[in-house]
J.: 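My questions all concern the structure below.
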Amino acid sequence: MASVMPSAGTFDSVDGTLARGAWQPVLFAERPSRLELMKLHAEWELTPLTIRIHRNHSFEHVASATCSWFAWWGRDAQFVYSDYDDSLSFSFPEEEQASIELVWLDAKRYEGRFTTEAFASWIHDRCVALRLRTSAPIIVAIIGTSDETSAILAQCTRSVPGLRMAHLSQLAEMLGARFFDERASKFSGTRLSDAACLLIARELSCRWVPALLMPRIKAVVLDLDNTLHEGVLGEDGHAVRLTPGHHALQQSLVRFREGGVFLGLSSRNDDADVRRLFDDRPDFPLQWSHFSATAVSWGSKADGIRTMARHLRIGVNAILFVDDNPGELASVTSELPGISVAHAMPDAAATQRMLDYYPGLWAWETTVTDVLRASDLAASIERAQLVQGRDPLAYLRSLQVRLLVETNPWRQLARLHELSNKTNQFNLALQRMSEPDLAAALDAPDHGVALVSLNDRLSDSGPIALIMARREGNSLVVIELAISCRALGRCLEDVMIAAAIRAIRSELPTSRVEFLHRTGPRNTPAREWLARLTGQVLRPEGRVSAPVGFLLASPPDFSVHFQVMHHEPRHG
Amino acid sequence: MSQGTVESGLLEVFAAVLGHPVQIDATRAHEAGWDSLKHMLIVFAVEEKFGVQLTEEEMGSVASFADFAELLERRHAS
């Protein structure tokens, strides 16, 4: 039970890969079968996680169905239950930390006791009380509310850091009258039907929890033949079949791309043949241009994926590889430890459901940064081409860079959280702060937080840097500095960091600036930057002063347009 | 549906829910692990396996392997 599995499907053995593939038809059936789920027993190591349930109706029937989905993700979920408590008193021992807090309510039990607004306000207050007792992510799932009430609840709780409101209306719509089962409620302790419990179990274990606890998968690399269409290009030519299931699968992949997930193509074919296929099949929702990286050749798929990862500037552990050939999955798994893999099933609709529920692919919200990701990569490639053979300064001038520095950016808590937790290369202190930690820093009078957004004539990169500092006497200590790799390579680090610190210092006047730093597995670029700035050889971990002239650094010999916005602190 | 089919189907359900094989004389009072949660999981799995729906009264009254078998045979006979 001790092995670490950073993402679903990271199995280095052929047996493990094949065993997980065999589970897929059961896990991703349109209507999951409890009986079939109960027959699945994981033969691989699982990492434990604890989910604490605060409830006013039974959760056990949901919990008992989650284990197969959690096991597929490599997790063993343990549930800790409160008593049935309509008042949500949260009387748990604070020293017992959970990975997730789940508030699980049936709104019917409050019927006639609240107006909608008063109910939403009460839920908000109780969630704030829970937030003060735990730093774990909070999920709130309430059954028996109308869409309108759900929207009011979501709006009302939005300001609670690290809280997500689950929406159950889609599931209720899917099951119609079968969502509830009043007949069994006397014995099961909940009005939910068994079918509803199964669907909620799948949401919880495949979407809600992974989206809060694991880094998001950044790219889906797909095989072509019998994955994206039925048939083999080399045998059927352009008459390969787009079944209704494959059509829906391709549409779903396009939606993933629009939501910020890169698509890659890995196929054993001739490159020109595959390009022609996409040209000749306008009925394919997925077009050649939707792929941000391709590796079409007769060589090893692992080599192709490695190259694609470099091109996309991501690690292979942020990639999900999908192929109908279990042998390819096993081979890629053994050559690229850490990669996630999944089996493309003959029923493309089942493959689509598998992708819809693949742990780490679904996100609670799509940010502007997500939407910009694919176009930003294309712009980066164009930038790299532009710079070749040109004077670097002339190139940088031609980009027409614009930087926006915002202080107190509490409305962008989710993006601050992403930058702190997902940035690896230019991350100086690797604090990996939770949303509640970030919210506390935003509220603290001796802390300053700046978010930098970047825009140039080729692309809008959105918010790309987080700088957080704390005043200690006469010193401003930069405790968190993270710049997305999307912003690197434009010689802007010095100017954007100096501009952000100047903006923070205008709110927290100090005479010195220091940086906290810590060595991580991949943050050499940030450490090299600091060593260059300070002229010091850095210890593995510590605190160094910035030279006096650093903050005066104006843009070098190319123009950068700055804008600074000081937002009001959240609590005035 | 024959008595043998019902029996083998029930054995499959009980083994999956309780996590161990059971005998056909198993009862709720004496079978290890057959608590109130598992009881409802058996009910739901029986409903799914045999395509039937138990009434609220039946859910509360079935208390042995034999009760389930008898209920299913009665349903399929009618």
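Every chain is numbered from 1, with letters handed out A, B, ... down the list of sequences. In this text the structure is predicted, and so the values were computed from the model without any measurement.
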J.: Without swapping roles, check the side chain of A/R34 against the backbone of B/V17 for a donor-acceptor pair under 3.5 Å.
T.: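 Looks like no, no N/O pair under 3.5 Å.
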J.: What distance separates B/H39 NE2 from A/S188 OG, expressed to the nearest 0.5 Å?
T.: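 If we round to the nearest 0.5 Å, B/H39:NE2 and A/S188:OG are 11.0 Å apart.
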J.: How about A/E182: does its CD atom have over 12 heavy atoms from other parts shown lying under 6.0 Å from it?
T.: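 For A/E182, atom CD is crowded (more than 12 foreign heavy atoms under 6.0 Å).
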J.: What's the shortest heavy-atom distance between B/V13 and A/L35, and which atoms?
T.: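 Minimum heavy-atom separation between B/V13 and A/L35: CA-CD1, 3.9 Å.
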J.: For B/H30, look at atom NE2 and say whether over 12 heavy atoms of other residues, nucleotides or ligands are found less than 6.0 Å away.
T.: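 Counting neighbours around NE2 of B/H30, 12 or fewer heavy atoms of other residues, nucleotides or ligands fall under 6.0 Å, so no.
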J.: Side chains of A/D194 and B/M40: does their closest heavy-atom pair fall under 4.5 Å?
T.: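 A/D194 does not reach B/M40 side chain to side chain.
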J.: From B/M59 CE over to A/S185 OG, what is the distance, rounded to the nearest 0.5 angstrom?
T.: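 Between B/M59 CE and A/S185 OG, I get 9.0 Å after rounding to 0.5 Å.
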J.: Is there side-chain contact between A/L198 and B/F44, with heavy atoms separated by less than 4.5 Å?
T.: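 No; the side chains remain at least 4.5 Å from each other.
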J.: Identify whether the distance between the nearest side-chain nitrogen and carboxylate oxygen of B/E47 and A/R178 falls below 4.0 Å.
T.: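 So B/E47 does not pair with A/R178 through a salt bridge.
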J.: If I measure from the heavy atoms of chain A, does B/Q53 come under 4.5 Å with its side chain, its backbone, both, or neither?
T.: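 Both backbone and side chain.
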J.: Contact between A/H61 and B/L37 at the side-chain level, heavy atoms closer than 4.5 Å - yes or no?
T.: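 Yes; the side chains approach each other to less than 4.5 Å.
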J.: Checking heavy atoms, do the side chain of A/S58, its backbone, both or neither come under 4.5 Å from chain B?
T.: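 Contact with chain B is absent: no heavy atom of A/S58 under 4.5 Å.
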J.: I'd like to verify something: which residue of A/M38, A/E60, A/R183 has the highest number of heavy-atom pairs under 4.5 Å with chain B?
T.: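 Top count of heavy-atom pairs under 4.5 Å with chain B: A/R183.
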